[in-house]
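Naming: A, B, ... by sequence-line order, numbering from 1 per chain. Atoms considered below: every heavy atom in the structure, side chains included; atoms not considered: hydrogens, waters and symmetry mates.
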Protein chains: 2
Amino acid sequence: MCNTSFSERGDKETVESGAFLMPKYDRDGLIVAVVTDVASGEVLMVGYMNEEALKRTIETGEAWYWSRSRQGFWKKGETSGQVQTVHEILTDCDQDALVLKVSVAGNGATCHVGYRSCFFRKITAPADRKVGLERVESEKVYDPSEVYGKG
Amino acid sequence: MCNTSFSERGDKETVESGAFLMPKYDRDGLIVAVVTDVASGEVLMVGYMNEEALKRTIETGEAWYWSRSRQGFWKKGETSGQVQTVHEILTDCDQDALVLKVSVAGNGATCHVGYRSCFFRKITAPADRKVGLERVESEKVYDPSEVYGKG
């Protein structure tokens, strides 16, 4: 696995308009990945990849991330079944961010709280100056407490 | 400006399912913001906000960021006219990422290279093992060299 290789970072013009992937990682060696539903375009989650996770994703066609909290590789769906098949990967002008267009297997949810998208709440007008949140997804796809047990 | 205030971070349950915004910033004091077109859902760019930029965005309804390269506030569109009117802001389960649904003023482009979206290239199958890029936007909205001059 992982015979894929990326080109060295070039000058600004090459990075911004060139025909080769030259990812820019942050000081932890990570690049941010925005994950969208290939059918609806909805943003499902934001994850982070190191070089190896990005290579595994490209080579296998299924999304791999680097878990910052667990400091380890994380194949999305390995335990939950919510595997992400990657249909397209986009990069931005300075190549320090990715967009993954995916379809989700299993129960079709992405969020461990049970919703289709991790972005299931929107900001509401401040009540008493504290900014509030309101759900935009009316119901959960599944109840995680029934799948994984309470707590 | 900026009478808005955010709640202190609560426990996991409160952050993940609660009704108050409790943003989690990285060690540079920033939170990632994914910007999408409110009409098409297309991902336009990824930016970063500090607390003050997020407050300005909420209060003014126009997107403010923190420029990591320039280390300063950046009101999108201030020089280019590509101002982003913010229709909705979503946050994710652990509240360390935002999605902004915006409409873009001026010439309607977001990317300084001239394209509608900063994500104007997709990854192609490796040629000679180096991962390539291919444009997904067929043409630029504008030619930045004509607007800002060459170089």
Query raised in the report: If Ile, Leu, Val, Met, Phe, Trp and Tyr residues are connected whenever their side-chain heavy atoms lie under 4.5 Å apart, and connections chain through other members, are B:Val15 and B:Phe20 in the same group?
Result: yes

Requested in this report: Please check if atom CD in B:Gln71 has more than 12 non-hydrogen atoms from other residues, nucleotides or ligands closer than 6.0 Å.
Outcome: yes

Query raised in the report: Can you hop from A:Phe73 to A:Tyr48 via hydrophobic side chains spaced under 4.5 Å?
Result: yes

Requested in this report: Determine whether B:Gln95 and A:Leu133 make a side-chain contact, defined as any pair of heavy atoms from C-beta on separated by less than 4.5 Å.
Outcome: yes

Query - ring-ring contact (aromatic ring centres under 6.0 Å, His included) partners for A:Phe119, two or more places apart - result: none

Query raised in the report: Given that the side chain runs from C-beta out, which part of B:Glu16 has a heavy atom under 4.5 Å from chain A: side chain, backbone, both or neither?
Result: both

Query raised in the report: Same cluster for B:Ile89 and B:Phe6 if Ile/Leu/Val/Met/Phe/Trp/Tyr side chains link at under 4.5 Å?
Result: yes

Report summary line: Shortest non-hydrogen pair, B:Cys93 vs A:Arg121, comes out as O-NH2, 3.2 Å

Query raised in the report: What distance do B:Leu98 atom CG and A:Ile123 atom CD1 have between them, rounded to the nearest 0.5 Å?
Result: 6.0 Å

**Report entry** Engaged part of B:Arg68 at the chain A interface, taking heavy atoms whose separation is under 4.5 Å
**Finding:** side chain

Query - Proximal component of B:Cys111, with respect to chain A [non-hydrogen, under 4.5 Å] - result: side chain

Requested in this report: Using a heavy-atom cutoff of under 4.5 Å, enumerate the residues of residues 22-32 of chain A that contact chain B, numbered in order, or state 'none'.
Outcome: A:Arg27, A:Asp28, A:Val32

Query raised in the report: Taking a hydrophobic cluster as the set of Ile, Leu, Val, Met, Phe, Trp and Tyr residues connected by side-chain heavy atoms closer than 4.5 Å, whether directly or through intermediates, do B:Tyr115 and A:Val99 fall within one such cluster?
Result: no

Report task. Check whether A:Val131 and B:Met49 end up in the same hydrophobic cluster, where Ile, Leu, Val, Met, Phe, Trp and Tyr are linked by side-chain heavy atoms less than 4.5 Å apart. Result -> yes

Query raised in the report: Any idea which of B:Ser117, B:Ser7, B:Gly41 has the most non-hydrogen atom pairs under 4.5 angstrom with chain A?
Result: B:Ser7

Requested in this report: Report yes if the side chains of A:Glu42 and B:Thr36 come closer than 4.5 Å at any heavy-atom pair, otherwise no.
Outcome: no

Query raised in the report: So which of A:Thr91, A:Val34, A:Val46 has the biggest tally of heavy-atom pairs under 4.5 Å with chain B?
Result: A:Thr91

Requested in this report: Tell me, for A:Lys101 versus chain B, whether the close heavy atoms (under 4.5 Å) come from the side chain, the backbone, both or neither.
Outcome: neither

Requested in this report: Flag the one option from B:Val136, B:Leu90, B:Val43 with the top tally of heavy-atom pairs under 4.5 Å to chain A.
Outcome: B:Leu90

**Report entry** pair B:Val113-A:Ser17: side-chain heavy atoms closer than 4.5 Å
**Finding:** yes

